[in-house]
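These notes concern the structure reproduced below.
Just so we're clear, the structure is a prediction, and the values are computed from it rather than from any experiment. Quick note on labels: first sequence line is chain A, next is B, and so on, each numbered from 1.
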2 protein chains.
Amino acid sequence: MNVTLRGRTGHFRTVSFDAARNSVQLIEQRLLPHAFKIIGTKNFRETAQAITDMVVRGAGAIGATAAYGLAQGARAFRGSDLKKFSAHTDLVFKMLAEARPTAVDPVNAMNDVRRKMLAGKTVAERQFLALAAAEEFANEDARHCEEIGRHGAKLIRNGMNILTHCNAGWLAFVDTGSATAPMYAAQAQGKKFHVFCDETRPRSQGATLTAWELAQQNISHQIIADNAAGHLMQRGEIDLVIVGSDRVLGRTGEVANKIGTYTKAVLAARHKIPFYVAIPLSTIDWNLKRGFDIPIEEREESEVLGAWGIISNPKSKIHNSKLNQRAYIRVANPTSSARNPGFDVTPAELITGIITPVGIFKPKELWKKLHPRITAGM
Amino acid sequence: MNVTLRGRTGHFRTVSFDAARNSVQLIEQRLLPHAFKIIGTKNFRETAQAITDMVVRGAGAIGATAAYGLAQGARAFRGSDLKKFSAHTDLVFKMLAEARPTAVDPVNAMNDVRRKMLAGKTVAERQFLALAAAEEFANEDARHCEEIGRHGAKLIRNGMNILTHCNAGWLAFVDTGSATAPMYAAQAQGKKFHVFCDETRPRSQGATLTAWELAQQNISHQIIADNAAGHLMQRGEIDLVIVGSDRVLGRTGEVANKIGTYTKAVLAARHKIPFYVAIPLSTIDWNLKRGFDIPIEEREESEVLGAWGIISNPKSKIHNSKLNQRAYIRVANPTSSARNPGFDVTPAELITGIITPVGIFKPKELWKKLHPRITAGM
């Protein structure tokens, strides 16, 4: 998407590749929203480290990063011995897969690259095909998000107030995003609307990443405490909710997403506000039989007990973004501990529709209407 | 309640009076949970300033502070001219009433003190009666909270997990608190239970004040993000919710309280978890006809856009409490703004019961069962 720096606007992808330098180019997301910086990894080991260290996060974005990382590793190989090349690329694959062991997207993306690469008969051909496949993967990811936007934009009417939770924006994908895609498409169609970004404690991705994204695209928005959405719904100030997801169960329509999503779905149902989940098809798990079995990660207590930001003056209107002023503060009572479940599961009955690149489905219709198309290769 | 400092445990009230020094003694709440300090005001002007600056907050606590402040001002008068004394005490009353203009508790408390004081025939008698009345007011506040505890403790069974929101603890009253009172009483009865404290963004009173209080009384507790309660309820990990209130409508049973209370009530109702509101009788508004008319304060954006705490290391288990390390950090995107409603209103249908010093009532029964007793002078 567009990013404006020092008055100039340029188009950036979250993940891209510099073929001349054989380098994966990543937006350093840990510095956002206080600084915008593109970093280039020198080799596949640095790429794996960037995934581990959460320089890049989000299903689509880490999938593309791993795909590029595999091509990067393949292209670094010197020689023409196919057997040695295969051993080398196996090592690259393994290191990138282990960078974030619970994520499925990097492995799926690299399987795709490897399969296409093996059509080559020489090392040089395979190196060429690996990069072509990684580029294709990244382009597909971006295109699928655009399709989500095309379908989802129909839900957005002029003057609407839209609530979103966490960041399912372009920073979580190669471009455009999932939950934000309908907003960007609606904006392109000239529609006017306002977005409330849940802060999304404890990691505050709504206040940092989503708010930054929307500000860059000049979309009217305000940040609210996670506590405030219920009150705004009660007063008729929210018309539509769109969130992303980490895993949608194709068999039941249940949606796993950032902690707090379930709460917003319960509130939306009470107030008869449409609640949509926007996802690429790769987010659908066609195997798992019940949401209760989705493992819920318990994260670091320190996330709940404090916060990260830039040391600042609350009365100031201008916020200095010197990164040497970035600090962690302990907010909570020093002798208290915390529970920190990272995700929750929303039942199908609370979800109005699932926005996918191939259309909008009722959550309980995924298995009947979408699964046959998937198994038939669309 | 008890506070343990450097290994020694002492009993403290949030607000008390040092007659020898003619000084109101206040726990400096802005330093909690990172430091515990009692400050003494030198005169009624300093007492008024302490209310304005939120050294002390909470309905019961500021009521008692104003009552003591009026006595403090009366006792500082030199001379025996009753007319001059009256002019002086009127000035004291006015300054303390204007310290937090929207609050009703200071005015109600001072009216009580003034009425009793006027029974005195000399300046010296009135000075004596003013302090006696202020002491009586503070003792009543503490006793009412104990009664809330006595009634509410019946709801707490061994092994329960209790959720609370914000701080309706002893720091908001003279002692014992409202929402926490049943917990302290149940603990005294030897019951074992666990408390989840909602962080309560944006001001984090749950993570700071409530967690500190519970830690001081050795009550098992954990802080959770405001987003997490829905998930915990879904997994059967919450058995009871108790919160306080800023205003309960006696005619409808609607409850105004810290933003996010309504959300927790909606979630509790969905999961059939009992949801109680604990209040002294002074919190009931017998006049207002509908909750929608309760003014909802829009607070500073900076509260939502950042946080206050002690600069620390997230990996550290020991948190330094040097107050010169207290800082405000900007968490949110620097160019984004916020909405910050401070309160919300929960309808009676979502509330299981109102715990008062004179018993537990269904919210819609307040008018029929409690109001006649109030008007009959109990």
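- Expressed to the nearest 0.5 Å, how far CH2 of A:Trp308 lies from CD1 of B:Ile329 amounts to 9.0 Å.
- Here the closest heavy-atom approach between residue A:Ala225 and residue B:Val304 is recorded as N-CG1, 3.9 Å.
- Looking only at heavy-atom pairs under 4.5 Å with chain A, the residue among B:Pro341, B:Ala211, B:Gly206 that has the most is B:Ala211.
- Contact of the A:Glu199 side chain with the B:Pro202 side chain is not registered, since no non-hydrogen atoms from C-beta on lie closer than 4.5 Å.
- The side-chain heavy atoms of B:Leu267 and A:Thr263, taken from C-beta on, include a pair separated by under 4.5 Å.
- Residues A:Gln222 and B:Ala338 share a closest heavy-atom pair of NE2-O, 3.8 Å.
- Of the atoms belonging to A:Ile296, it is side-chain heavy atoms, and not backbone ones, that fall under 4.5 Å from chain B.
- Within the model, atoms CZ of A:Arg330 and CD of B:Gln325 stand 13.5 Å from one another, a figure rounded to the nearest 0.5 Å.
- Interface remark: A:Leu232 contributes side-chain atoms only to the contact with chain B (heavy atom separation under 4.5 Å).
- Only the side chain of A:Glu237 comes within contact range of chain B, judged by heavy atoms closer than 4.5 Å.
- Residue A:Val331 comes nearest to B:Ala307 through the heavy atom pair CG2-CB, 4.3 Å, listed as atom of the first residue, atom of the second, then distance.
- Only the side chain of A:Ser204 comes within less than 4.5 Å of a heavy atom of chain B; its backbone N, CA, C and O stay farther away.
- Summarising the geometry, atom CG belonging to B:Asn218 is positioned 9.5 Å from atom OG1 belonging to A:Thr335; distances are rounded to the nearest 0.5 Å.
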Q. Is there a side chain to side chain contact (heavy atoms under 4.5 Å, CB included) between A:Leu32 and B:Asn333 once you walk through the steps?
A. CA-CA 8 Å; A:Leu32 288 173; B:Asn333 177 47; over 6 Å; no
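- Between A:Tyr262 and B:His271, the distance separating the two ring centers is shorter than 6.0 angstrom.
- Among all heavy-atom pairs drawn from B:Ala332 and A:His34, the shortest one is O-CE1, 3.7 Å.
- The choice from A:Ser336, A:Ala269, A:Ser302 that makes the most heavy-atom pairs within less than 4.5 Å of chain B is A:Ser336.
- For A:Phe292, the parts lying near chain B are the backbone and the side chain together; criterion is any non-hydrogen pair under 4.5 Å.
- With a threshold of 4.5 angstrom between heavy atoms, B:Glu213 does not approach chain A through any atom at all.
- For the set A:Gly306, A:Ser337, A:Ala228, the entry with the most heavy-atom pairs within less than 4.5 Å of chain B is A:Ser337.
- Chain B forms the most heavy-atom pairs under 4.5 Å with one residue out of A:Met233, A:His221, A:Lys264, and that residue is A:His221.
- A salt bridge links B:Arg270 to A:Glu349: at least one charged side-chain nitrogen sits closer than 4.0 Å to a carboxylate oxygen.
- Of the listed residues A:Asp198, A:Asn340, A:Val345, the one with more heavy-atom pairs under 4.5 angstrom with chain B than any other is A:Val345.
- Side chain of B:Asn227 to backbone of A:Arg201: a donor-acceptor contact under 3.5 angstrom is found.
- Scanning all heavy atoms of the two residues, the minimum distance from B:Ile294 to A:Arg235 falls at O-NH2, 4.4 Å.
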